K.L.:
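My structure is below; once you've seen it, I'll send some questions.
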Amino acid sequence: MALQEPREAAPGQHGNQPGATGSNTPGATAAPQEPPAPHWAMLPIILIGTFVITLDVFIVNVAIPATQRDLHAGSSAVEFIVAGYALAYAAGLITGGRLGDLYGRRRMFLIGVALFTLSSAWAGSAPTAGQLVAARVAQGLASALMGPQVLAIIGTVYSGPARIRAFNAFGLTMGLAGVFGQLIGGVLIHLDIAGLSWRTCFLVNVPIGIAALVFAPRVVPESKAQGKSRLDPLGMLLVSAGLVAVVLPLAEGQQKGWPEWTWVCLAVSPVLLALFALYQRRLAAADRGPLVNPALFRQRSFTVGVSTALVYYSGMASFFLVLALYLQQGCGLSALDSGLVFLPLGVGFLGVSLTAKQIAAVLGRQTLAVGALVLTASLIGLYAAVEHIGTHGAVAWLVPGLLVGGAGMAMVMAPLATVALAGTDPRYAGAASGVLSTANQVGGAIGVALVGVVFYHVLGNGTGPDAYADAFRASVYLLVPFALGVAALVQLFPRPPKKAPTS
């Protein structure tokens, strides 16, 4: 059975389009007014936002060594060049999604693109490490404003099979940006355009952002939540502080040696998030426009989808990290050569993504479960390959496992957004997208922290480059349960409604 959406929302719930037109004839039945078909260029334009947001998570990894040499950056500054972006992005996603619901999703998307473009230009021209850190935080905040609007616009503009295709394109875009991020960064640094070296990794966003700003107002329709509502500043403060208290210690704890402040933050974070949840329930009961309406979590597909995203990205973010460390520091590959090793992963991802419709037609929601099992097989294959080659053998032995891994990722990423957000009330589309995206980021931080503990513990007990091979294989022991957890959670999704028999 193909992936299906729950029953369509009532007419008039898509964005701010009128739902039905009446008739002057007494007793006539009002016919629903079909919204105009979206412009063909709309989807590529908004997916530019998804691409650059994901790209900037991964491309910076290969730019760090050159950045550190050029700016004479210390270890703390280097950490925050990476973590500052992720921290600001995770903390602002829910608020960014709600701002789109209230003030217009296209408007917030354009503001986010403009700020992201300016902050990218700032990062690419930063004269000091301190300014680069500030620019990266600004990039993260701009991404938090821009990112949730993409899924929200898809959910409100498209319906039926077109929506599923759009969600598949979203998953494909995010996957390709992640898989090829390090390769793109390696190529840019290798080309050394105009002697800019690592700076091109940030400046490449500027022409992309300008193109989006020029074309988006012409092809992207405006939409916002119906009815009058207002911003929730206390909710924004509570959820942002709670997410920072989760992500910051997880991002910094391993390298700092888990000082006391990290444990204090981790202890405070559930209290802040619990207060946020209670406050949102209170606002919803009083019909006062909560930042995240608790009604979202009464929909099982959304709750299970958020949980599945949390588990999936816990494994995937840490997988990219430990594989990059093994290739560059263990095997001694350059940034460009390391990026080329990721190429089979992208080939597998792209190949399966192009056949996603046919796969979903056969497997339905179990596409995610099968993808997670394929990913598990890939991890086992990579474990065996690394055991065979260590850090001195031919990395070509990794190619089969990476091809299979890319296929597994493609079968999980695209359907996940479809199943999690299908049937979500369009009034809360931005908030729902923000929550789902936040689960991705928090999951990544949790996974990197947990797998990082194992990786660096084994690395610390070993000697020489071969220790990286041992550390990678030890990490697989945690990555496999994450993949199997996705396959188990998929079974909790509600079954799609059966089609009524026709006479």
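This one's a predicted model, so the numbers in the text were calculated from it and none came from an experiment.
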K.L.:
When you look at Tyr313 and Ile446, which way does the side-chain contact (heavy atoms from CB on, under 4.5 Å) test go after all the steps?
P.N.:
CA-CA 9 Å; Tyr313 285 97; Ile446 292 172; over 6 Å; no
K.L.:
Using only atom types and a distance under 3.5 Å, with no angle test, would you say the side chain of Arg288 pairs donor to acceptor with the backbone of Leu283?
P.N.:
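Judged by distance alone, no pair lies under 3.5 Å.
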K.L.:
Give the minimum heavy-atom separation between Pro259 and Gly253, together with the two atoms involved.
P.N.:
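In this case the closest contact between Pro259 and Gly253 is CD-O, 4.5 Å.
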K.L.:
Is the shortest side-chain heavy-atom distance between Val386 and Trp397 below 4.5 Å?
P.N.:
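Counting from C-beta outward, Val386 and Trp397 never come under 4.5 Å.
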K.L.:
Heavy atoms only: give me the nearest Ser269-Ala245 pair and the separation to one decimal.
P.N.:
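Looking at all heavy atoms of both residues, the shortest contact is CB-CB, 3.6 Å.
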K.L.:
Got a donor-acceptor contact below 3.5 angstrom from the Arg105 side chain to the Ile153 backbone?
P.N.:
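A pair under 3.5 Å: no.
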K.L.:
Tell me yes or no: between the side chains of Ser197 and Asp192, is some donor less than 3.5 Å from an acceptor?
P.N.:
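Side chains of Ser197 and Asp192: no pair found under 3.5 Å.
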K.L.:
Asp337 and Ser334: side-chain donor and acceptor closer than 3.5 Å?
P.N.:
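There is such a pair (donor and acceptor under 3.5 Å, judged by atom type) between the side chains of Asp337 and Ser334.
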K.L.:
Is any side-chain heavy atom of Leu402 less than 4.5 Å from a side-chain heavy atom of Ser378?
P.N.:
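Heavy-atom side-chain distance check fails, nothing below 4.5 Å.
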K.L.:
Might you confirm whether atom CZ of Phe215 has over 12 heavy atoms from other residues, nucleotides or ligands at distances under 6.0 Å?
P.N.:
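12 or below, so no.
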K.L.:
May I ask you to test the Ile53-Thr50 pair for a side-chain heavy-atom distance under 4.5 Å?
P.N.:
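Answer no - side chains too far apart.
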K.L.:
What orientation do Phe320 and Phe342 show, parallel under 30°, tilted 30 to 60°, or perpendicular over 60°?
P.N.:
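If you compare the ring of Phe320 with that of Phe342, the planes turn out parallel.
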K.L.:
Any chance you could measure Ser353, atom OG, to Met413, atom CE, to the nearest 0.5 Å?
P.N.:
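The CE atom of Met413 is 8.5 Å from OG of Ser353, to the nearest 0.5 Å.
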K.L.:
Kindly indicate, with the supporting measurements, whether the criterion side-chain contact (heavy atoms from CB on, under 4.5 Å) is fulfilled by Phe276 and Leu291.
P.N.:
CA-CA 9 Å; Phe276 170 72; Leu291 189 65; 4.0 Å; yes
K.L.:
Donor-acceptor pair, Thr262 side chain versus Pro249 backbone, under 3.5 Å?
P.N.:
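No.
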K.L.:
Would Ile111 and Leu145 count as a side-chain contact (heavy atoms from CB on, under 4.5 Å) here? Give the steps.
P.N.:
CA-CA 8 Å; Ile111 293 174; Leu145 188 60; 3.6 Å; yes
K.L.:
Does Leu333 offer a backbone N or O that forms a donor-acceptor pair with the side chain of Ser338 under 3.5 Å?
P.N.:
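Here the side-chain-to-backbone pair does not exist.
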K.L.:
With a 3.5 Å distance limit and no angle check, can you tell me whether Ser433 reaches the backbone of Ala152 through a side-chain donor-acceptor pair?
P.N.:
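Indeed, once roles are kept as given, a pair shorter than 3.5 Å links the two residues.
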K.L.:
Minimum heavy-atom separation for Thr156 and Ser223, please, with both atom names.
P.N.:
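Reported closest heavy-atom pair: OG1-OG, 3.6 Å.
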K.L.:
Measuring from Phe180:CZ to Phe349:CZ, what's the distance to the nearest 0.5 Å?
P.N.:
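Answer for the CZ-CZ pair, Phe180 versus Phe349, is 9.5 Å.
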K.L.:
Does NE2 belonging to His39 count more than 12 external heavy atoms closer than 6.0 Å?
P.N.:
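Yes.
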K.L.:
So do the side chains of Leu115 and Met146 get within less than 4.5 Å of each other, counting heavy atoms only?
P.N.:
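No, too far: nothing below the 4.5 Å cut-off.
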K.L.:
Does any N or O in the side chain of Asp101 come within less than 3.5 Å of the main-chain N or O of Gly430, such that one atom is a donor and the other an acceptor?
P.N.:
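Checking the backbone N and O of Gly430 against the side chain of Asp101, a donor-acceptor pair under 3.5 Å is found.
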K.L.:
How long is the straight-line distance from CZ of Arg136 back to CD1 of Ile81, given to the nearest 0.5 Å?
P.N.:
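The CD1 atom of Ile81 sits 8.0 Å away from the CZ atom of Arg136.
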K.L.:
Rounded to the nearest 0.5 Å, how far apart are CG of Leu47 and OG1 of Thr173?
P.N.:
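Here the interatomic distance stands at 4.0 Å.
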K.L.:
Could you check if a side-chain atom of Leu379 sits within less than 4.5 angstrom of a side-chain atom of Phe319, using non-hydrogen atoms only?
P.N.:
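Side chain of Leu379 against side chain of Phe319, heavy atoms only: contact under 4.5 Å found.
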K.L.:
With rounding to the nearest 0.5 Å, note down the distance linking CD1 in Ile59 to CG in Asn205.
P.N.:
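It is 7.5 Å, given to the nearest 0.5 Å.
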K.L.:
If every non-hydrogen atom of Gly346 is compared with every non-hydrogen atom of Leu176, which pair is closest and at what distance?
P.N.:
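Minimum heavy-atom contact is O-CD2, 4.4 Å.
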K.L.:
Asn293 side chain to Leu296 main-chain N or O, any donor-acceptor pair under 3.5 Å?
P.N.:
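Side chain of Asn293 to backbone of Leu296, a donor-acceptor pair under 3.5 Å: no, none is there.
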K.L.:
Would you say that Leu275 contacts Tyr279 through its side chain, given a criterion of any heavy-atom pair below 4.5 Å between the two side chains?
P.N.:
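Not touching, per the 4.5 Å side-chain cut-off.
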K.L.:
Has Ser318 got a side-chain atom pairing as donor or acceptor with Gly315's backbone, closer than 3.5 angstrom?
P.N.:
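Yes, Ser318 side chain to Gly315 backbone: donor-acceptor pair under 3.5 Å.
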K.L.:
Using a 4.5 Å cut-off on heavy atoms from C-beta on, say whether the side chain of Val412 contacts that of Leu375.
P.N.:
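Side chain of Leu375 against side chain of Val412, heavy atoms only: no contact under 4.5 Å found.
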K.L.:
Main chain of Tyr89, side chain of Gln441: is a donor-acceptor contact present, judged purely on distance under 3.5 Å?
P.N.:
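No, Gln441 side chain to Tyr89 backbone: no donor-acceptor pair under 3.5 Å.
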K.L.:
I need the minimum non-hydrogen distance between Ala166 and Tyr158, along with the two atoms involved.
P.N.:
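Taking every non-hydrogen atom into account, CB-CD1, 3.9 Å.
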K.L.:
Hydrogens and angles aside, do Tyr85 and Gln139 bring a side-chain donor and acceptor to less than 3.5 Å of each other?
P.N.:
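No pair is found: no donor N or O on one side chain lies under 3.5 Å from an acceptor on the other.
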K.L.:
How far does CG of Asn440 sit from CG of Leu93, to the nearest 0.5 angstrom?
P.N.:
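One finds 8.5 Å between CG of Asn440 and CG of Leu93.
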K.L.:
Is the side chain of Gln280 donor-acceptor paired with the backbone N or O of Val292 at a distance under 3.5 Å, no angle test?
P.N.:
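A pair under 3.5 Å: yes.
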K.L.:
Where do Met409 and Leu345 land on the side-chain contact (heavy atoms from CB on, under 4.5 Å) test, with the steps shown first?
P.N.:
CA-CA 9 Å; Met409 292 178 192; Leu345 198 70; 4.0 Å; yes
K.L.:
When you compare the side chain of Cys201 with that of Ile189, does any pair of heavy atoms fall below 4.5 Å?
P.N.:
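SC-SC contact between Ile189 and Cys201 confirmed.
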K.L.:
Output a table of donor-acceptor pairs, distance under 3.5 Å, between side-chain atoms of residues 471-482 and any protein atom two or more places apart or on a different chain; print 'none' if there are none.
P.N.:
{"residue": "Arg473", "atom": "NH2", "partner": "Asp470", "partner atom": "OD1", "Å": "2.6"}
{"residue": "Ser475", "atom": "OG", "partner": "Ala471", "partner atom": "O", "Å": "2.9"}
{"residue": "Tyr477", "atom": "OH", "partner": "Tyr383", "partner atom": "OH", "Å": "3.0"}

K.L.:
Testing the basics here: between Met42 and Pro221, what is the closest heavy-atom pair and its distance to 0.1 Å?
P.N.:
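In terms of heavy atoms, the two residues are closest at SD-CD, 3.5 Å.
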